[in-house]
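We're numbering straight along the sequence, starting at 1.
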Amino acid sequence: MNYYIIILMNTILITTITGIKPVVSLYAYSLGLSPQEISMIIASSAICPALLALHIGKWIDHIGTRPMVIIGNVMYLISLLISVIFPSFFIFLIQLAMVGIASTCLMLALQKRIGNLRGDIDRTVANYSLFGSVGAMIGPIISSFLYDHYGYHICIFFNMSLIAIALFSEMGMRNLNEENRQKTVQNQQLHLQSRESIWTLM
């Protein structure tokens with residue numbers, strides 16, 4: 001059961017991510033934002049994950065995957081909601097920055113879960129990647145269609161409903177207390193803790 005839930009959550013995640021970005025760009029342009037402002041908005045979705053990905057990975061090792069999945073989904077929902085209530089350049093910046101952080105939390109947590117599953121790991125990873133690719137294909141198609149025919153708000157609420165499904169699916173996960181939380185060797189931890197710079201870690 002856990003395997004299918006992980007596949008579902010990853011598919012939803014990729015579907016919403018690939019669907020939201022072009023729609024936000026189109027909506028921002030319709031509000032009169034310049035191409036330069038739109039490019040800054042899109043870039044904001046990559047800057048925060050680039051700086052925080054290593055730390056998020058360490059947090060997942062420390063607190064487990066379930067809290068990070070819940071945090072990621074809730075942050076994702078909030079990021080979409082605020083753009084509906086307060087559409088503006090700075091809100092869009094914050095929105096996609098939050099989307100980037102939330103998606104990184106979810107991706108790393110789901111990837112760790114996939115790696116911890118028993119059985120044919122090659123087949124498991126292949127199916128995980130395949131359904132992620134399916135999500136990347138249908139996400140822009142669905143979201144662009146909804147935006148074109150029903151507007152930004154309906155498109156966002158549709159994606160929020162998908163994320164809500166992923167969040168409730170988390171409750172169906174079993175045996176998370178037995179998940180493999182391998183710790184770094186003690187001297188490696190002390191070595192990493194002494195290095196505060198993200199560039200040093202990279």
Check residues 21-33 and write down every donor-acceptor pair under 3.5 Å in which the side-chain atom is one partner and the other belongs to a residue at least two apart or another chain.
from, atom 1, to, atom 2, distance (Å)
S25, OG, K21, O, 3.1
S30, OG, Y27, O, 2.6

Any link between [X] and [Y] through a network of hydrophobic side chains (Ile, Leu, Val, Met, Phe, Trp, Tyr) touching at under 4.5 Å?
| X | Y | value |
| --- | --- | --- |
| M107 | I70 | yes |
| I165 | Y3 | no |
| I154 | I85 | no |
| L110 | V134 | no |
| Y150 | L80 | no |

Query raised in the report: Listed by chain and number, what are the side chain to side chain contact (heavy atoms under 4.5 Å, CB included) partners of V84, not counting sequence neighbours?
Result: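 Scan of V84 (side chain to side chain contact (heavy atoms under 4.5 Å, CB included), adjacent residues dropped) gives Y152, H153, I156, F157.
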
Atom [atom1] of [X] and atom [atom2] of [Y]: how far apart are they, to the nearest 0.5 Å?
| X | Y | atom1 | atom2 | answer |
| --- | --- | --- | --- | --- |
| S45 | M98 | OG | CE | 13.5 Å |
| S44 | L93 | OG | CG | 5.0 Å |
| L96 | I101 | CG | CD1 | 11.5 Å |
| I12 | N73 | CD1 | CG | 8.5 Å |
| F86 | I94 | CZ | CD1 | 11.0 Å |
| I71 | I63 | CD1 | CD1 | 5.0 Å |

Query - Within 6.0 angstrom of F89 CZ, more than 12 heavy atoms from elsewhere - result: yes

Would you name the heavy atoms of [X] and [Y] that are closest together and state the gap between them?
| X | Y | value |
| --- | --- | --- |
| S103 | I17 | CB-CD1, 3.2 Å |
| I5 | S169 | CG2-O, 3.6 Å |
| R113 | M9 | NH1-SD, 4.5 Å |
| S83 | F92 | CB-CE2, 4.0 Å |
| C48 | A97 | SG-CB, 4.0 Å |
| M68 | C105 | CE-SG, 3.5 Å |

**Report entry** F158: ring pair (Phe, Tyr, Trp, His ring centres under 6.0 Å) partners, not counting sequence neighbours
**Finding:** none

Query raised in the report: Counting distance only, does the side-chain N/O of E170 pair as donor-acceptor with the main-chain N or O of L167 below 3.5 Å?
Result: no

Requested in this report: Could you tell me whether a side-chain N or O of H149 sits under 3.5 Å from a main-chain N or O of F145, the two making a donor and an acceptor?
Outcome: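 Yes, the answer is positive, given that a donor and an acceptor are paired below the 3.5 Å cut-off.
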
Query - Listed once per pair and sorted, the side chain to side chain donor-acceptor pair (under 3.5 Å) pairs that draw on residues 10-20, sequence neighbours left out - result: N10-Y128, T16-Y76

Query raised in the report: Tell me the side chain to side chain donor-acceptor pair (under 3.5 Å) pairs involving residues 133-143, sequence neighbours left out?
Result: S143-N159

**Report entry** Stepwise side-chain contact (heavy atoms from CB on, under 4.5 Å) test for K58 and L54
**Finding:** CA-CA 6 Å; K58 291 201 296 183; L54 289 172; 5.9 Å; no

Report task. Find out whether R123 and N127 are in side-chain contact, i.e. whether some heavy atom of one side chain is under 4.5 Å from a heavy atom of the other. Result -> yes

**Report entry** Candidate pair I163 and L13, rule side-chain contact (heavy atoms from CB on, under 4.5 Å), full reasoning
**Finding:** CA-CA 7 Å; I163 299 167; L13 174 62; over 6 Å; no

Query raised in the report: Among all residues two or more places apart in sequence or in another chain, which pass the side chain to side chain donor-acceptor pair (under 3.5 Å) test with S79?
Result: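 If we apply the side chain to side chain donor-acceptor pair (under 3.5 Å) test to S79, skipping adjacent residues, there are no hits.
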
